[in-house]
2 protein chains.
Amino acid sequence: MSKDLPTNAKSRRRPEQVTLSQVAQAAGVSPITASRALNHPDKVSTSTRQSVLQSVERLGYVPNLVAGSLASSRSRLIAIIVPSLINSVFVEIIKGLQETLEAQGYQILLGNTDYDLDREYQLVRTFLGWSCSALVTAGLRHNDACRTLLANWGHPIMEVMELGKGMDLNIGLDHTAAGRCMANHLIDRGYQRIVYVGARLSHDYRAGMRYLGHKKMLKAKGLEAPLLELNTLGSLQAGAESLAQVLKDYPATQAIHFANDDLAAGALLAAQRQGLSVPDDIAIAGFNGLPLGQHITPKLTTILSPREAMGRLAAQELIRRLSGKSVYRRQHDVGFTLQVGEST
Amino acid sequence: MSKDLPTNAKSRRRPEQVTLSQVAQAAGVSPITASRALNHPDKVSTSTRQSVLQSVERLGYVPNLVAGSLASSRSRLIAIIVPSLINSVFVEIIKGLQETLEAQGYQILLGNTDYDLDREYQLVRTFLGWSCSALVTAGLRHNDACRTLLANWGHPIMEVMELGKGMDLNIGLDHTAAGRCMANHLIDRGYQRIVYVGARLSHDYRAGMRYLGHKKMLKAKGLEAPLLELNTLGSLQAGAESLAQVLKDYPATQAIHFANDDLAAGALLAAQRQGLSVPDDIAIAGFNGLPLGQHITPKLTTILSPREAMGRLAAQELIRRLSGKSVYRRQHDVGFTLQVGEST
DNA sequence: CGCTGTCATGATAGCGCTACCATTACTTCT
DNA sequence: AGAAGTAATGGTAGCGCTATCATGACAGCG
């Protein structure tokens with residue numbers, strides 16, 4: 001009785017795949033009605049909707065999102081581009097984004113640039129090819145090609161982590177101010193010979209901005225602002241090694257301002273192993289406010305940034321924008337908090 | 001002179017989007033040849049390839065991967081499903097996968113189940129809808145619907161982290177053996193009253209398997225194997241709190257075997273703050289081999305698992321499979337290493 | 001009674017790309 | 001010389017879905 005769908009020679013269909021047409025046929029409606037029953041449930045009658053959903057269930061239909069996206073040029077994919085997955089900071093932002101976006105039925109396309117702007121451009125190109133609904137990227141710096149591509153894109157773009165003149169939406173904090181803030185704290189504490197230690201500042205240029213703030217503050221007080229730049233990425237190990245380096249290069253150092261908590265904690269733990277007293281022999285400060293810093297003794301003085309909240313807020317703003325609502329705010333300053341521990 | 005492409009009333013094209021046809025026209029070849037120039041460069045002549053690439057550049061063409069995937073039913077997307085992004089273990093696996101896959105031109109679709117198998121099923125459904133080239137998921141446990149869906153899928157499936165009878169490919173380690181190994185170490189050290197502390201073992205069932213191994217070993221030696229199960233996820237904070245709990249519930253405890261290093265390090269640092277000597281007053285062991293454990297004093301005794309390598313290996317195996325080569329090995333035991341520190 | 005409006009459904013025609021088969025021009029072999 | 005293979009290119013027809021417009025049914029209204 002039931003006619004098979006046409007199976008002409010040129011067909012490329014994978015015969016095992018259940019299509020929406022089959023669901024529609026089983027439910028006794030047209031394909032387009034079945035499509036509506038699934039994607040715009042309020043546009044079909046209750047009885048139709050139910051019989052379609054039943055057929056979906058019975059046939060084990062899995063919607064082909066690729067075909068749907070092509071037809072509608074909307075994909076419910078959100079591209080997230082981060083410079084590193086080792087740095088837990090970005091993972092926390094991803095986490096905040098992910099939990100909010102997945103709850104709204106968006107999927108995440110993840111890319112890692114390894115702090116390389118050309119790689120970023122490649123990833124952006126690929127992701128635009130997927131008709132992503134929006135793009136999230138870390139930072140405000142991009143190469144020209146990338147900037148051109150994004151400028152004409154027409155979908156929301158969210159730049160996270162730093163604050164400034166973004167391409168579209170922007171959430172972050174003022175890193176220069178954060179560097180200044182910590183420098184100020186160290187000076188207040190009476191330290192005069194302060195070294196800044198960072199890792200690959202040309203790549204992790206936000207840490208470079210913090211150094212800039214730090215340096216300005218020190219110069220303003222008539223102090224030198226020596227810098228030790230490591231060639232490895234930030235880690236406990238690198239922090240431990242940098243302590244020795246600082247003590248060798250700048251023996252009279254009273255305090256070290258580290259670009260992040262991994263380095264700082266590594267140095268602090270190394271100092272303990274060497275029998276140095278923190279902060280009496282050497283004061284140590286970090287940045288990020290990782291839990292680790294609050295569990296070691298002495299507690300690490302650091303600057304806390306709301307990373308997961310930043311991700312959540314970014315996601316909420318994107319969703320608001322994607323659902324056609326007017327943007328709440330184009331720019332969010334999530335701020336930072338100086339957490340004075342016992343290490344300074 | 002140059003005719004515009006047909007612009008009939010029903011067209012839904014976004015006029016600003018450059019299509020492959022336009023590139024082909026500019027290069028003076030047919031669309032299909034342009035497609036080949038980009039996707040199968042060895043199937044066109046050098047001169048054709050170059051003129052197509054020039055047109056791509058000149059027009060700023062960005063391939064529509066959605067259309068390409070629909071036509072070819074191949075997507076170069078790899079789905080990765082993890083139970084948590086807080087747990088750095090999974091992030092390291094993602095990292096290993098990502099660096100290998102992105103280098104081969106694959107993109108990552110990321111999903112997080114929050115240790116919920118129903119959520120996993122939903123994610124799998126969605127990801128299958130994207131015609132992913134392969135799927136990576138953590139663990140061997142899935143619900144029935146998910147298992148059915150995957151069984152008929154026809155693309156590579158990689159189950160990571162644990163070892164056992166998988167659906168397709170499998171890379172991981174034997175958690176029961178790992179639990180046994182650590183328990184054995186603690187007994188060897190002379191400890192008799194040993195408590196196991198884990199977090200949400202019904203969710204993090206791999207930690208539950210380690211407890212099982214631990215318990216078996218202790219029972220075999222005629223020892224009790226008390227368990228403290230926390231209701232929060234593993235963290236330094238939870239570890240610190242659990243130490244107090246253990247000392248209250250089991251005052252005579254000599255050693256604590258923690259389900260992971262976050263808990264163990266949290267407890268170790270808390271013990272130090274309370275003036276307890278580790279391991280003399282209380283011995284502490286963890287699992288994972290996080291860098292943190294090797295930087296605190298005393299160094300944490302733990303079991304090291306090669307997480308990033310696991311990700312890399314998984315990715316390599318998938319790529320091998322996707323490029324049509326016969327599978328090197330269906331199952332990889334990446335093993336584990338007991339790292340004896342000073343905390344036991 | 002026709003006019004307009006709303007609701008539910010359907011027919012048609014793509015979305016932009018590539019699989020499949022054909023065609024042409026050569027080369028190589030017997 | 002003719003058969004048979006190979007390399008480069010193109011025409012056609014989809015992939016599975018949805019935007020768009022059209023249709024029919026029915027209600028409300030003067």
Side-chain angles (χ1 to χ4, degrees), chain A residues 5-25 27-52 56 59 61-76 126 128-131, chain B residues 5-25 27-52 56 59 61-76 126 128-131:
Chain A
L5 292 178
T7 338
N8 44 8
K10 287 209 106 183
S11 174
R12 290 184 246 146
R13 284 201 52 250
R14 284 159 300 169
E16 71 276 16
Q17 184 173 340
V18 180
T19 69
L20 187 57
S21 291
Q22 290 171 27
V23 171
Q25 202 178 33
V29 297
S30 73
I32 183 66
T33 301
S35 167
R36 273 192 282 252
L38 295 176
N39 299 315
H40 308 279
D42 53 316
K43 299 211 167 179
V44 298
S45 69
T46 314
S47 62
T48 313
R49 183 164 57 248
Q50 283 179 350
S51 83
V52 169
V56 164
L59 299 179
Y61 171 66
V62 177
N64 184 326
L65 300 175
V66 179
S69 296
L70 180 60
S72 67
S73 49
R74 277 182 283 96
S75 74
R76 295 190 85 77
T126 307
L128 296 207
W130 280 108
S131 311
Chain B
L5 291 179
T7 336
N8 45 8
K10 287 209 107 185
S11 174
R12 290 183 244 146
R13 284 202 52 250
R14 286 160 299 170
E16 70 275 16
Q17 185 172 341
V18 181
T19 70
L20 187 57
S21 291
Q22 291 171 28
V23 171
Q25 203 177 32
V29 296
S30 73
I32 182 67
T33 300
S35 167
R36 274 192 282 251
L38 295 176
N39 299 314
H40 308 279
D42 53 317
K43 298 211 168 180
V44 297
S45 68
T46 314
S47 62
T48 310
R49 182 162 60 248
Q50 283 178 348
S51 82
V52 169
V56 164
L59 299 177
Y61 170 67
V62 177
N64 184 326
L65 301 174
V66 179
S69 297
L70 179 59
S72 66
S73 48
R74 278 182 282 97
S75 74
R76 296 190 83 78
T126 308
L128 295 208
W130 279 108
S131 312

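So that the names make sense, note that chain A is the first sequence line, chain B the second, and so on, each numbered from 1.
Looking at residues 39-52 of chain B, you'll see Asn39(B) sit with a heavy atom under 4.0 Å from some atom of DNA chain C. Contacts between residues 65-76 of chain B and DNA chain D, defined by a heavy-atom separation under 4.0 Å, are made by Leu70(B), Ala71(B).
Ser75(B) places a side-chain N or O within donor-acceptor distance of the main-chain N or O of Ser131(B), the cut-off being under 3.5 Å. Between the side chain of Arg36(B) and the main chain of Val44(B), no donor-acceptor pair closer than 3.5 Å is present.
Rounded to whole Å, the distance from CG on Leu20(A) to C1' on dC15(D) is 14 Å. Distance, Leu38(B) CG to dG16(C) P: 16 Å, rounded to whole Å. Rounded to a whole Å, the CZ atom of Arg36(B) is 11 Å from the P atom of dG11(D).
Side chains of Val23(B) and Leu38(B) form no contact here, defined as non-hydrogen atoms less than 4.5 Å apart. Using a 4.5 Å heavy-atom cutoff, the side chains of Trp130(B) and Ser69(A) are in contact.
Of all non-hydrogen atoms in Leu20(B) and Pro31(B), the two that sit nearest each other are CD2-O, 3.9 Å. When every heavy atom of Leu70(A) is checked against every heavy atom of Ala67(B), the shortest pair comes out as CD1-CB, 3.6 Å. The shortest heavy-atom contact between Thr19(A) and Tyr61(A) is C-CE1, 3.6 Å.
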Starting from the C-alpha separation in whole Å, work towards a yes-or-no answer on side-chain contact (heavy atoms from CB on, under 4.5 Å) for Thr126(A) and Leu65(B). CA-CA 8 Å; Thr126(A) 307; Leu65(B) 301 174; 3.8 Å; yes
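For dT9(D), neither phosphate oxygen OP1 nor OP2 lies less than 4.0 angstrom from any side-chain nitrogen or oxygen of Ser30(B). Tyr61(A) has no side-chain polar atom (N or O) that falls below the 4.0 Å cut-off from OP1 or OP2 of dG16(D).
For Asn64(B), the listed nucleotide lying nearest its side chain is dC17(C); candidates were dC17(C), dC17(D), dA19(D). Out of dG10(C), dC17(D), dC17(C), the shortest distance to the side chain of Thr33(A) is found at dG10(C). Closest contact between the side chain of Ile32(B) and the listed nucleotides dT20(D), dG16(C), dG11(D) involves dG11(D).
Annotation: side chain to side chain contact (heavy atoms under 4.5 Å, CB included) contacts of Ser45(A) (sequence neighbours excluded): Ser47(A), Thr48(A).
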